[in-house]
S.K.: 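So that we are looking at the same thing, I have put the structure below in structure tokens.
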Amino acid sequence: AFLIPYFICLVIIGIPLFYLELCLGQFCSLGPIKVWRINPWFKGLGITMLAISSLVSIYYAVIIAYCTYYFFASMQPEVPWKYCDEAWSTCNCRDGTQNDSLQDPWNGTRLECFNFTYEENATVAASDEYFSNKVLQLTNGIDDMQKPKWDLSLCNLFVWLLTFLVLSKGIKSLGKVVYFTAIFPYFLLTALLIRGCTLEGHMEGIKFYLTPDFEKLKKAEVWSDAAVQIFYSLGTCVGGLIAMSSYNEFKNNCLRDALMIPLINCLTSFYAGFVTFSILGFMAHKKNTTVEKVAAGGPGLAFIVYPEALAQMPVSPVWAVLFFLMMMILGFSSIFSMTETVITGIYDQFEDFMKKDKRRLYFFRLFVCFFFFVLGLPMVTKGGLYMLNLLDTYVGGFPLLIVGVIELIVVIYVYGFSFSNPDTEKYPRRLLRGFLHFKIDIEMMLGRTILTTVTFYFFGVMWCVVAPIILVLVVILKALQYEPIKLGSYVYPYWANALGWLTVLFSVFFIPGWWMYYFITKDISRGCRPRNTWGPSQLAKKDWSFFIHPFKKSRSRIDLRRFSQQHVVAPKRSLRSKSAPFLETLDEITREESSDKLQDICSD
């Protein structure tokens with residue numbers, strides 16, 4: 001049933017936001033902080049995006065470290081979680097070799113279990129105890145963190161070392177590596193799907209996957225979770241799309257990208273569901289139970305249920321190595337982009353300083369990776385899973401939704417607004433000033449074709465009405481559905497929930513914090529108007545043929561090729577610049593120039 005709201009949210013929220021961020025980054029070729037030259041009041045929104053990307057990167061690296069641990073642990077004649085090892089298992093551990101009809105299921109092989117009191121339905125799978133007692137050595141709660149585990153710390157260090165090596169040359173090295181990390185998992189998914197479909201009971205799992213329970217759609221939680229999952233799936237509102245698209249050519253067809261990439265991404269998730277549920281069907285068949293009872297969410301699926309199924313297969317180490325290799329590659333492809341987003345955003349802010357010596361950027365990348373590794377150390381302690389789950393729950397919810405709402409409002413409604421100039425236009429034109437501005441910006445990149453014109457009707461409705469309303473409703477629903485966080489049967493203490501809310505406040509504080517700073521230290525007379533340096537940075541002046549003013553009733557055509565040099569801001573070279581100057585926006589020119597000077601460059 002989740003697939004229904006998932007794909008609905010993809011259409012009405014995911015694709016519109018994806019397209020908006022691609023266009024923003026590609027138009028001005030700037031990172032997630034400097035892109036807010038479009039509205040200086042909201043530069044804090046870009047800082048919030050980097051804060052979210054940083055927090056997600058830190059705990060995401062720990063999840064990849066878990067996969068790395070399993071990857072190397074699988075390289076044995078038998079996967080180590082196939083049988084209950086006395087070194088880490090309890091008397092409740094079961095791997096299929098015990099006989100529960102006996103008073104001593106272990107048949108005397110473990111003396112400590114001879115007089116053990118067994119409770120009904122208290123048995124635990126070997127893969128579960130391997131993850132909790134061997135890999136994590138999990139403590140009783142978040143208030144008992146203890147020291148970092150050396151093996152997980154080394155795996156986490158490996159993750160960040162590889163991340164640094166891939167990003168050492170910036171977008172050039174990342175672009176080459178992503179060809180592998182994006183394509184190779186499809187081969188692994190297909191191999192696992194073929195293997196899953198040869199196992200007994202696989203059809204039961206697939207039927208469970210594809211048969212919707214429409215009663216679940218009546219729960220508001222399902223719809224709010226679908227909206228949040230779309231943000232995670234597409235990487236919107238964390239600055240990554242803006243940072244990556246800023247390296248695009250100005251004329252790149254980002255409309256095609258915005259339609260194809262989200263669809264391919266979500267269909268890949270749908271395809272991966274067959275891989276997962278074919279294995280869950282096999283597990284349900286082996287245990288003589290239903291698929292619903294063996295399914296698990298969170299880390300339980302990847303590190304308990306799926307490994308348990310892999311252990312039952314012939315040549316299990318081969319399939320385990322392939323599975324965790326796929327998990328590592330998928331994780332690395334995400335963390336590479338998130339870390340590069342943070343580096344790009346900070347680099348743009350200190351570009352002049354970084355350019356003085358090429359080694360500065362190299363050492364800065366090294367510092368970011370090392371700093372994130374150090375911040376991740378609390379999550380590789382024996383109680384680290386509690387901290388990881390806390391961050392995942394709080395950072396991945398409200399901050400993303402709040403950024404999405406504000407981003408839409410700023411670009412679609414506030415773009416170009418000014419308090420200093422009395423607005424004589426009537427509604428709804430005045431209300432849609434930002435949308436009309438943004439529409440013109442996109443047409444400068446993509447041209448005014450039939451496809452762009454038709455799609456503007458769809459994106460216009462989504463940007464202006466549907467997406468903002470839906471996101472506000474989701475924020476309200478998430479607030480009403482809020483419950484203290486849990487991990488399995490463990491309920492977090494109140495102070496831990498307070499810590500989670502502090503991470504939310506830390507993420508979004510930069511938005512009002514920047515407002516206050518701007519109002520105190522800057523000239524606010526220009527209102528929300530873009531800076532003079534806002535505009536395309538890749539485009540040579542000869543390519544700016546005709547720009548149609550969106551707000552003049554006469555629809556004046558201004559040939560920007562005829563602008564004299566005094567109207568052009570001094571060139572600024574950057575990672576993405578092609579020596580082209582930043583041009584003042586048309587509104588800025590029409591505001592500052594007298595009608596006499598405009599007469600020889602404007603024609604009605």
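All figures in this text were calculated on a predicted structure; none of them were measured in a lab.
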S.K.: What residues form a ring pair (Phe, Tyr, Trp, His ring centres under 6.0 Å) with Tyr362, not counting sequence neighbours?
M.R.: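 Checked Tyr362 against ring pair (Phe, Tyr, Trp, His ring centres under 6.0 Å); matches are Phe164.
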
S.K.: Out of Gln349, Lys34, Arg37, which residue meets the side-chain contact (heavy atoms from CB on, under 4.5 Å) rule with Lys43?
M.R.: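 When side-chain contact (heavy atoms from CB on, under 4.5 Å) is applied between Lys43 and each of Gln349, Lys34, Arg37, only Gln349 qualifies.
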
S.K.: Could you tell me if the side chain of Leu174 sits less than 4.5 Å from the side chain of Glu340, heavy atoms only?
M.R.: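 With C-beta onward as the side chain, the pair touches.
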
S.K.: Test side chain to side chain contact (heavy atoms under 4.5 Å, CB included) on Val395 and Val504 and set out the steps.
M.R.: CA-CA 6 Å; Val395 176; Val504 174; over 6 Å; no

S.K.: Taking it one step at a time, do Asp392 and Tyr60 satisfy side-chain hydrogen bond (donor to acceptor under 3.5 Å, both in side chains)?
M.R.: CA-CA 9 Å; Asp392 183 41; Tyr60 208 82; over 6 Å; no

S.K.: Is there a side-chain contact between Pro468 and Trp463 (heavy atoms, below 4.5 Å)?
M.R.: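 Pro468 does not reach Trp463 side chain to side chain.
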
S.K.: What's the verdict on ring-ring contact (aromatic ring centres under 6.0 Å, His included) for Tyr518 and Trp515, showing C-alpha distance, side-chain angles and the deciding distance?
M.R.: CA-CA 5 Å; Tyr518 194 87; Trp515 287 343; over 10 Å; no

S.K.: Just how far is it from atom OH of Tyr413 to atom CG of Leu408, taken to the nearest 0.5 Å?
M.R.: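 With rounding to 0.5 Å, OH (Tyr413) is 9.0 Å from CG (Leu408).
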
S.K.: Which value, rounded to the nearest 0.5 Å, describes the distance between Lys251 atom NZ and Gln26 atom CD?
M.R.: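 Taking NZ in Lys251 and CD in Gln26, the distance rounds to 10.0 Å.
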
S.K.: Using modelled atom types only, decide if a donor and an acceptor are shared between the side chain of Asp441 and the backbone of Phe27 within a distance under 3.5 Å.
M.R.: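 Side chain of Asp441 to backbone of Phe27: no pair is present.
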
S.K.: Answer whether the closest heavy-atom distance between the side chains of Val238 and Thr341 falls below 4.5 Å.
M.R.: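 Not touching, per the 4.5 Å side-chain cut-off.
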
S.K.: Does Tyr59 have any ring pair (Phe, Tyr, Trp, His ring centres under 6.0 Å) partners at least two apart in sequence or in another chain, and if so, which?
M.R.: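 Tyr59 satisfies ring pair (Phe, Tyr, Trp, His ring centres under 6.0 Å) with no other residue.
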
S.K.: On the 0 to 90° scale, with breaks at 30° and 60°, tag the Phe398-Trp501 ring pair as parallel, tilted or perpendicular.
M.R.: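 Tilted: the ring planes of Phe398 and Trp501 meet at 30° to 60°.
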
S.K.: Heavy-atom count check: over 12 atoms from other residues, nucleotides or ligands less than 6.0 Å from Tyr482 OH?
M.R.: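 Buried by this count: over 12 neighbours within 6.0 Å.
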
S.K.: Do Tyr247 and Ser29 have side-chain N/O donor and acceptor atoms under 3.5 Å apart?
M.R.: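 No pair is found: no donor N or O on one side chain lies under 3.5 Å from an acceptor on the other.
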
S.K.: Quick check for you: to the nearest 0.5 Å, what is the distance between Leu234 atom CG and Leu241 atom CG?
M.R.: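 Going from the CG atom of Leu234 to the CG atom of Leu241 covers 7.5 Å.
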
S.K.: Below 4.5 Å, heavy atoms only, C-beta onward: do Arg360 and Lys355 meet side chain to side chain?
M.R.: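 Sidechains of Lys355 and Arg360: no contact.
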
S.K.: Can you list everything that forms a ring pair (Phe, Tyr, Trp, His ring centres under 6.0 Å) with Phe371? Sequence neighbours excluded, please.
M.R.: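 Phe367.
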
S.K.: Where do Ser54 and Val342 come nearest, in terms of heavy atoms and distance?
M.R.: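 In terms of heavy atoms, the two residues are closest at OG-CG2, 3.6 Å.
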
S.K.: Does atom CZ of Phe458 have more than 12 heavy-atom neighbours, drawn from other residues, nucleotides or ligands, at distances under 6.0 Å?
M.R.: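 Yes, the 6.0 Å shell around CZ holds more than 12 heavy atoms from other groups.
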
S.K.: Using side-chain hydrogen bond (donor to acceptor under 3.5 Å, both in side chains), reason through Thr455 and Thr452 one step at a time and then give a plain yes or no.
M.R.: CA-CA 5 Å; Thr455 53; Thr452 55; 5.7 Å; no

S.K.: Return the CD1 to SG distance between Ile242 and Cys237, rounded to the nearest 0.5 Å.
M.R.: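 SG of Cys237 is found 8.5 Å from CD1 of Ile242.
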
S.K.: Kindly determine whether Ile329 and Phe180 satisfy side chain to side chain contact (heavy atoms under 4.5 Å, CB included), including the steps that lead there.
M.R.: CA-CA 9 Å; Ile329 293 172; Phe180 171 75; 3.9 Å; yes

S.K.: Contact between Leu259 and Ile15 at the side-chain level, heavy atoms closer than 4.5 Å - yes or no?
M.R.: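 Contact flag for Leu259/Ile15 side chains = yes.
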
S.K.: From Cys254 SG over to Met445 CE, what is the distance, rounded to the nearest 0.5 angstrom?
M.R.: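 Cys254 SG to Met445 CE: 4.5 Å, rounded to 0.5 Å.
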
S.K.: State, to 0.1 Å, how close Met145 and Pro378 come at their nearest heavy-atom pair, and which atoms those are.
M.R.: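 In terms of heavy atoms, the two residues are closest at CE-O, 3.3 Å.
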
S.K.: According to the salt bridge (charged side-chain N to carboxylate O under 4.0 Å, His left out) rule, which pairs have a member within residues 469-478, sequence neighbours left out?
M.R.: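 Checked against salt bridge (charged side-chain N to carboxylate O under 4.0 Å, His left out) - neighbours excluded - the pairs reaching residues 469-478 are Asp225-Lys478.
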
S.K.: Excluding sequence neighbours, so at least two apart, what forms side-chain contact (heavy atoms from CB on, under 4.5 Å) with Ala302?
M.R.: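 Ala302: side-chain contact (heavy atoms from CB on, under 4.5 Å) contacts with Met327.
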
S.K.: So Trp36 and Leu30, side chain to side chain contact (heavy atoms under 4.5 Å, CB included) or not? Walk me through it.
M.R.: CA-CA 9 Å; Trp36 297 105; Leu30 296 172; over 6 Å; no

S.K.: May I have all residue pairs that pass salt bridge (charged side-chain N to carboxylate O under 4.0 Å, His left out) and include part of residues 230-247, sequence neighbours excluded?
M.R.: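 Counting only pairs at least two positions apart or across chains, no salt bridge (charged side-chain N to carboxylate O under 4.0 Å, His left out) contact touches residues 230-247.
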
S.K.: Over 60° means perpendicular and under 30° means parallel, so tell me whether Phe372 and Trp160 are parallel, tilted or perpendicular.
M.R.: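 Rings of Phe372 and Trp160: perpendicular, over 60°.
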
S.K.: Does the plane of the ring in Phe506 sit parallel, tilted or perpendicular to the ring in Phe510? Use 30° and 60° as the thresholds.
M.R.: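 The rings of Phe506 and Phe510 stand perpendicular, inter-plane angle above 60°.
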
S.K.: Would you call the rings of Phe459 and Tyr19 parallel, tilted or perpendicular, where under 30° means parallel and over 60° means perpendicular?
M.R.: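 Ring orientation, 0 to 90° scale: tilted.
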
S.K.: Any side-chain heavy-atom pair from Asn39 and Pro530 closer than 4.5 angstrom?
M.R.: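 Contact flag for Asn39/Pro530 side chains = no.
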
S.K.: Measure the spacing between CG of Asn265 and CD1 of Ile230 and express it to the nearest 0.5 Å.
M.R.: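 Between Asn265 CG and Ile230 CD1, I get 8.0 Å after rounding to 0.5 Å.
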
S.K.: Taking the side chain as every heavy atom from C-beta outward, state whether Phe332 and Val159 have any pair of such atoms under 4.5 Å apart.
M.R.: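 Phe332 reaches Val159 side chain to side chain.
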
